[in-house]
Structure formats: structure tokens, C-alpha cells
Number of protein chains: 2
Amino acid sequence: MPKIGAEPIRKAALINATIFEVGRTGSLDVTVAQIARRAGMSPALAHHYFGSKDQIFLAAMRYILRVYGGSVAERLPGHGTRGRLNAIIHASFAPQNFQRETVSAWVNFYALALINPEAERLLRVYHRRLRSNLILALRPLTDDPARVAETLGALIDGVYLRTVLTRDDVDAAAAEKLIFDYLDEVLS
Amino acid sequence: MPKIGAEPIRKAALINATIFEVGRTGSLDVTVAQIARRAGMSPALAHHYFGSKDQIFLAAMRYILRVYGGSVAERLPGHGTRGRLNAIIHASFAPQNFQRETVSAWVNFYALALINPEAERLLRVYHRRLRSNLILALRPLTDDPARVAETLGALIDGVYLRTVLTRDDVDAAAAEKLIFDYLDEVLS
DNA sequence: CCTGTTCTTGATTGGTTGATCAATTAAAGA
DNA sequence: TCTTTAATTGATCAACCAATCAAGAACAGG
């Protein structure tokens, strides 16, 4: 079985398995053995490719952020005056982001960012990128794009968090509507 | 030493120690032994009073929510037309909420709510109470207090989360200003 | 002084976990 | 064919942990 070129395949499988297991258990309290078994290999191999459990988590977090970034990018520039804005908001409330695995990954990575400097750095990068995307989208629509972007970014995070944490029936459409209502009010 | 009436004192000490240790480590990955030692007793006693580690966490979460609720209540009704509103917002961004222990407790309890039904219930209660407080405060200020309350609540959560997660220098004043700017725009 | 209750812990246990390492298998290259 | 390199795992270890329990210590009430 040992064919050369297994590394990227194994790593991808481990990242998938990590997100799946974090989603299934709802916490970062998953063992390397669980992850490795889910990915169809021995725990020793997982350590071989990633070195430590922390590195596995960070790779999974990078992947989640990359997917989100990609989902924004592929919707840009969009159509119309608010095309860019709509694209970003729509990406943020895409069904993908409400899947159990994604939700759990985000919330737990937030917690991870509190103790792991690299996780914190990744979160910062994500925030910066979202912020500059929003400012670019808002420039033709308001006098103070920076301020509106700051508010809008926080609002997106807050609405997302409340939707996933305190709703049985996740209503992405309602969440989006709340954002657009805000925009209708603040843009004019 | 075994004086009668130790239970509430021991429990309080354990709750304090729990919040301290969760804050220190930045995660829920603290042992009962750590908590008990910090509270100046044996791990066995902690189990004796709370039954399980989960119950200790939930008691700590109840305490955090109660403190926040109290900090809102003691500022109400406030002065002037926006008195109630100012009070709630001011309580949400009080220095206490930016202490390492409090921040870590909140973020980790968010994650806990994903897997522990009782934690989720507690979070729901908090959200409901904040919501009805906001609606009451907004009734004389807008035609649609429910919608503004929903937005404002999410905005408070989002701004708080971003402030504590992606800032080295926590600037509570800037966070508050962002909230008030939103209100100035949407009210009137 | 005696008895029941509360308080308290040391010792223990059954189970788990991240990580290491030697050893095996198979492909690639010369 | 022979050698080097990548892939892969079983076995294992040292550490840690939540929970239990029996037993001791001290107080209150009678």
C-alpha cells in the first residue's frame, strides 16, 4: 500500500476527520486516535504527518478559514451597486456555515484563539480580510465605510453566534434579513 | 476545623476557583484537582459538594450570568430618555467583563452550550432576559422595538467577541462608541 | 458523655491519552 | 538487483484524571 505521494492525501483526510469529529462531539476534546481512526489510519501516522495534536487542529482551522475565504471570493464581485456587499453577506450565511461540523469548529476555534497564539493570529487574519473586503464594498455606498464595516462585521459575527447557539431551528434567512435591514437603515 | 455550615462557603470558593482556573488556562480543560487545590481543599471534597465536574462548571456559569444580570439591574432604570438603554450597554462593556477570567469563562461557556443542554438552557435564559430588557428600553424610542432589540443584542455580542478575541489592547470605550453610533443612526 | 451528623481527606481504581520507536512493507532510482 | 526513501503500524510508556470509598476528625444536641 505505501505508494509515494500519500502525504497530501493523508493530511487532507486527517483535516476532514478532525472537523468531523469536532463537529460530532461539539468540542476540541477529541483524541488523536479518534481522528486517525475516522481518517482510516493509525494514530501513529497522524503524529508522523502533523507532529502534534495542536498542529492538526491548526491545520483544520486554516482549512475552515480558507473555505470561508474561497466562498466569499467566488461570489465576488457580484451584480449591482450592492453586489460586493450582498456577496459577502450571502457567503457568511451560506448553508455550509450552519452545518453542525462548521458551527462547532468555529465556536471551538474561537476558544482556541484564547490560548493558542497561532490560532489567534489566524483569526486576526480572517478579521482583517473581511474588514478590508467590507470597506471596499462600502466605499461607494457611504461616507464612512470604515465605521460601517466595523459595525457590519461585528453584526455578522453576533447574528451568526446567536443563531447557532440559541436556536433549535436555524433560520439563516432571518439572520440575513436582519443584516440587510440594518444596511437599509444605515445606507441611504 | 469541620464547622457546620461549610457547604455554601466551600461551594463559593470552588466556583471562584473554577472561574480563576478557566481564566488562567483559557479553556475548560482544567482538572477537578486544580480547582480544588486553588480553593484550598481536596478533590474529593469538590466531588462531595458538586457531584461531578460538569456540575461545577454549570454552577460557575450560573454565577457569571447572575453577576452580569446583577450588574445590569443595579444600573437600571438610569436617567433620561435613553437611561435604560445606556444602563444595559454600559453594563455589557463594564471593565469586569474584560477581565481575563470573565472573557475566558464566556467564550468557553459558549462552546459548552454546544454540548451541554443545561448550559444551552442557561444561555437561552440570558438571551431572553437581555432581549426583553432591550425591548422595554427601546419602546419609547422606536416604532419597532423588537427588531432593533434583536439587532442591538447581536451587535453587543459581536462587538464584545471581536474586542476580546482580536485586540491586544482592549478598548471598551471604542466598543461602546460603536454601539452608540449605531443607536444614533437607527433611533430618531 | 454520648450519639448522630457534617466535614474532610488519603488512598485507590479503572480508564484514557499524547507521543515515541523499532520494525515492516513497498515503491523509486541506479 | 541493490539501495535508499517514504509509508505505515503495533506495541508501549509515562502521565493524568474523574470518581469512589472507607475512615477519621470535629461539632451540636440531648
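First the proteins, then the strands, lettered A, B, ... as listed; each starts at 1. No hydrogens, no waters, no symmetry mates; every other heavy atom, side chains included, goes into these values. All values reported here derive from a predicted model rather than from experimental measurement.
Partners of Arg128(B) according to the salt bridge (Lys or Arg N to Asp or Glu O under 4.0 Å) rule, which considers only residues two or more places apart in sequence or in another chain, do not exist here. Shown here are the side-chain hydrogen bond (donor to acceptor under 3.5 Å, both in side chains) partners of Asp171(B), two or more places apart in sequence or in another chain: there are none.
Between Tyr49(A) and dA6(D) there is no side-chain polar atom (N or O) within less than 4.0 angstrom of OP1 or OP2.
Heavy-atom distances under 4.0 Å link DNA chain C to Val30(A), Thr31(A), Val32(A) of residues 28-42 of chain A, given in residue order. A heavy atom closer than 4.0 Å to some atom of DNA chain C occurs in no member of residues 8-25 of chain A. Residues from residues 50-57 of chain B that place a heavy atom under 4.0 Å from any atom of DNA chain D, listed by number: Ser52(B), Lys53(B).
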At a cut-off of 3.5 Å, list every protein nitrogen or oxygen paired with a nitrogen or oxygen from nucleotides 21-23 of chain C, distance to 0.1 Å.
none

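Contact detail for Ile135(A) and Ala149(A): the closest heavy-atom pair is CG1-CB, 3.6 Å.
Every pair passing salt bridge (Lys or Arg N to Asp or Glu O under 4.0 Å) that includes a residue from residues 150-160 of chain B is listed here, sequence neighbours excluded: Arg162(A)-Asp157(B), Arg167(A)-Glu150(B), Arg131(B)-Glu150(B). Contacts classified as ring-ring contact (aromatic ring centres under 6.0 Å, His included) and involving residues 137-159 of chain B (residues at least two apart or in different chains) are not found. Applying the salt bridge (Lys or Arg N to Asp or Glu O under 4.0 Å) definition to pairs two or more places apart or across chains, those involving residues 67-93 of chain A are Arg82(A)-Asp184(A). Under the side chain to side chain donor-acceptor pair (under 3.5 Å) criterion, the residue pairs touching residues 25-52 of chain B are Glu21(B)-Arg38(B), with sequence neighbours excluded. Applying the salt bridge (Lys or Arg N to Asp or Glu O under 4.0 Å) test to pairs two or more places apart or on separate chains, those with a residue in residues 40-69 of chain B are Arg62(B)-Glu118(B). Residue pairs meeting the salt bridge (Lys or Arg N to Asp or Glu O under 4.0 Å) criterion with at least one member in residues 133-149 of chain B, sequence neighbours excluded, are Glu185(A)-Arg147(B), Asp144(B)-Arg147(B).
Counting to the nearest Å, the P atom of dA19(D) and the NE2 atom of His47(B) are 4 Å from each other. The interatomic distance linking Leu45(B) (CG) with dT9(C) (P) rounds to 6 Å, in whole Å. If you take NE2 of His48(A) and C1' of dT25(C), they are 14 Å apart, rounded to a whole angstrom.
For Tyr126(A) and Tyr68(A), the ring centers are positioned less than 6.0 Å apart.
Phe180(A) and Leu138(A) fall within a single hydrophobic cluster, where Ile, Leu, Val, Met, Phe, Trp and Tyr side chains are chained together by heavy-atom contacts under 4.5 Å.
For the pair Val186(A)/Tyr182(B), no side-chain contact is recorded, criterion being any heavy-atom separation below 4.5 Å from C-beta on.
Phe57(B) and Phe109(B) have perpendicular rings, their planes meeting at more than 60° on a 0 to 90° scale where under 30° would count as parallel.
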